[in-house]
Amino acid sequence: MPSSLLWGSDFCIASYKPHVRTSENLKNQSTIFSSILENPASFALKGNRVLVAKASSESLTCKQLVTGHVVVYGPLGRRILLTDPDGHPLHECEWTEHHDGTVHLVSARLYLDWGQWVGLKPNGLVNAMNLNLTTRSEWQTLTRQDLRMMASRAMGVAVEEVEFFYVDDDLVLDRTGQATIHQRKDAFYVLEDGTWDRAQFMSCMSAMHWASIDYLPVVELFKSLLPGTGSAAFELIRGLYDDQNPQNPRALQYRGIPTYPSAAAFGLFSNFFTATHQGGDNPFSVFMDSPRSHEVDWLPNPHPPVRYVDPRHRICLTVKQGAVLKVTKTDDADGLPFAPSNQQGFAPCGKRIAVDSDHLFLYDHKTSHEIALQPAWGITHQVERQAGNQAVVNTEHSWEGFFPGGVPVVSPQEAYSAVLLYPEDESPIDDLASQPFVADFLNDFIEQDQRLAVQVGQFGHVLIHGFDGVIGSLLAFDRPRPTTIVYSRGAYAQKHAQAAWNQLARGNRLDWQESYLFLSEEVFRYGASAYDLMYVWLPFASYDDAARLQDHLRRISDALRPNGLAFLAGPDSLSSFVTGLPLDIGFGDLVANLQPFHMHQSILPKATLNPRLSVWILKRS
């Protein structure tokens, strides 16, 4: 999960009372409150626009927290907006009241540090599974609870968990013995223009009870999350939790079917909540044990991180207890935040922060920025300008050194947005987003075949061609070996080069960097080198072009050394183009038949691949 962000309040677990400066009706609000309500950027959700336009002086209230952040509440008593002290919106919520008097979240939008908005829609993804119960004896007597018991046994989880996530309305039984089970999930979307008018599905998580927060979730398809989404979601969760528990904190637990405990999830939770275990065991160890994850109680962290947006310098700061955790520049084409160096002197990609009594300094190998500290930021912790020995002093020794022909030209928006997105419906998954299913299968296949694993480990020169979405999954870091990466999508190549640099830097192996060469598709030519191992993605657009496929296979054959291996993703007809070439087929199957794609379908059952996409393993004779 991406690094931690935000929240705008300062709470104490002991008394659990938010430190508030003011809380009064609109007619008595200061200029800052009025400016927030009048700012057209504050409210983009349609229901809220109508609400604010028609609001009376008694229907909306505002609360200013000790950090200066402002929470605006609507006539239902629910928060509809959080802003930083200068009125920059951080999240917005729209609520509705049903006929039975219950209040429900309609949607929310979350601001990310680098300027993008993402949307959250409760129950935005509903999958239906149909079961024929007539094959069971006494099916006429089966009840909803019987279905829950069946699901409990099938999934290996406690029936209480099934009861928690599947209410009666989710289980439909008819008189003919047919059952329909609805699986509801909250969905995240990329809001291209900050509104729901242009929304693209991004990810999902188990459905939350937003009107009464009662558990902590983990986002699925986490690799599809835009940077900062997880933390922005927890900013909202923590904010609503605080609203709903103004006096006595309620212990929360991580729940899900199934659960996905990870160190990253534990770290994210810990930014906003504090982990405890009633039995006295180490909370982290218990959390990482999937069957026991729910035993960890989470209470509000007294000092969650807070964000401040400075449009003048195009930055967003994250501050915790007076210390700067990170600074993101919205105009930085690296697509990475600046952060303080750790005790070993390491900062991701060498993008470092320094702080003195009056200024904030941002450094990397090519730029430096000096920004006057603002009192509202509450920064009191100083950071030395030079820390450790990992400082990057020139381009050659930075992540840009992977690109001898120059780094790709990408915009900040492209750099920050370089994640793989998947359709929520039956729309075919594109080339780039299909690549993880192939890479994951190949990695598992190699790991499970000891002889193959030894052979691959002994290979020398490696080529990775066209797998732009999963470069990092195919790179090996066990020893220096010549590796050529050929890319056509610059933002993804840049992202994976940055991750590779960080891995080498953490292991004090930056002297290996010269072994990895990133080349653009425009300058790469087969024939310049021979390879022991090749990963090649044949694009979907080539599947019906026999001459193009034949040429691809011939060039691959010519470039592969004797006894070398080629792992290819290509059409189901590829075997017919191998005839006459010194290549032997060791394996071939449709990717739709493989476990990685089946795992994806467990999250998005309607997911559809190119029906011809296959994975092939070829050996040069």
Side-chain angles (χ1 to χ4, degrees), residues 1-2 5-6 41-49 79-82 89-96 104-128 182-210 217-237 239-240 256 268 316 330 335 412-430 432-433 436 469 491 600-608:
M1 198 69 62
L5 302 186
L6 29 142
S42 295
F43 298 100
L45 301 179
K46 293 180 179 179
N48 284 348
R49 284 181 176 269
R79 75 166 53 201
I80 59 173
L81 187 70
L82 171 72
L90 298 177
H91 65 231
E92 180 189 1
C93 306
E94 180 183 347
W95 301 86
T96 188
H104 298 265
L105 181 66
V106 177
S107 69
R109 64 187 194 116
L110 316 173
Y111 179 79
L112 306 184
D113 285 6
W114 45 281
Q116 180 65 53
W117 284 91
V118 297
L120 169 68
K121 185 168 290 186
N123 297 320
L125 186 66
V126 181
N127 300 316
H182 294 101
Q183 182 188 51
R184 302 180 185 276
K185 297 184 179 182
D186 296 341
F188 290 96
Y189 295 82
V190 181
L191 305 182
E192 294 185 21
D193 60 358
T195 73
W196 285 99
D197 293 338
R198 298 173 60 191
Q200 183 179 5
F201 176 77
M202 177 173 59
S203 186
C204 57
M205 66 183 182
S206 53
M208 294 283 291
H209 304 135
W210 293 103
V218 165
V219 175
E220 301 175 23
L221 297 175
F222 67 93
K223 291 184 178 180
S224 292
L225 292 177
L226 291 176
T229 302
S231 296
F234 263 75
E235 172 196 48
L236 175 62
I237 290 172
L240 295 176
L268 177 63
C316 181
T330 60
Q413 179 74 17
E414 291 171 329
Y416 284 113
S417 300
V419 300
L420 303 178
L421 298 179
Y422 295 89
E424 60 186 313
D425 55 17
E426 298 88 349
S427 301
I429 301 172
D430 63 21
L432 200 65
H600 181 78
Q601 286 182 310
S602 69
I603 300 172
L604 299 176
K606 298 178 182 179
T608 304

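Keep in mind it's a predicted model, so treat the numbers as computed, not measured.
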Give a yes or no on whether the backbone of [Y] and the side-chain of [X] come within a donor-acceptor separation of less than 3.5 Å.
| X | Y | result |
| --- | --- | --- |
| E424 | M202 | no |
| S224 | L420 | yes |
| N123 | R184 | no |
| T608 | E426 | yes |
| S417 | A415 | no |
| E92 | A44 | yes |
| R109 | G194 | yes |

Could you state the interatomic distance from [atom1] ([X]) to [atom2] ([Y]), rounded to the nearest 0.5 Å?
| X | Y | atom1 | atom2 | value |
| --- | --- | --- | --- | --- |
| S231 | L268 | OG | CG | 5.0 Å |
| H182 | N127 | NE2 | CG | 10.0 Å |
| F188 | L120 | CZ | CG | 5.0 Å |
| K606 | L604 | NZ | CG | 10.0 Å |
| Y416 | W114 | OH | CH2 | 8.5 Å |
| L81 | L45 | CG | CG | 9.5 Å |

Candidate pair L236 and C93, rule side-chain contact (heavy atoms from CB on, under 4.5 Å), full reasoning: CA-CA 9 Å; L236 175 62; C93 306; 3.4 Å; yes

Criterion side-chain contact (heavy atoms from CB on, under 4.5 Å) on T229 and V219, from CA distance to verdict: CA-CA 10 Å; T229 302; V219 175; over 6 Å; no

Is any side-chain heavy atom of [X] less than 4.5 Å from a side-chain heavy atom of [Y]?
| X | Y | value |
| --- | --- | --- |
| W117 | D193 | no |
| P217 | M208 | yes |
| H91 | R79 | yes |
| L191 | V118 | no |
| W95 | I80 | yes |
| Y189 | K121 | yes |
| L112 | L226 | yes |

Between [X] and [Y], which heavy-atom pair has the shortest distance, and what is it?
| X | Y | value |
| --- | --- | --- |
| A418 | A491 | CB-O, 3.9 Å |
| P89 | A41 | CG-O, 3.6 Å |
| S427 | P423 | O-CG, 3.4 Å |

Full working for side-chain contact (heavy atoms from CB on, under 4.5 Å) between L125 and D186: CA-CA 6 Å; L125 186 66; D186 296 341; over 6 Å; no

Counterpart residues, side-chain contact (heavy atoms from CB on, under 4.5 Å), relative to E192 (two or more places apart): R198, Q200

Whether Y422 and H600 hold their rings parallel, tilted or perpendicular, with breakpoints at 30° and 60°: tilted

Salt-bridge criterion met for K46 and E94 (N-O under 4.0 Å): no

Criterion side-chain contact (heavy atoms from CB on, under 4.5 Å) on V190 and F201, from CA distance to verdict: CA-CA 6 Å; V190 181; F201 176 77; over 6 Å; no

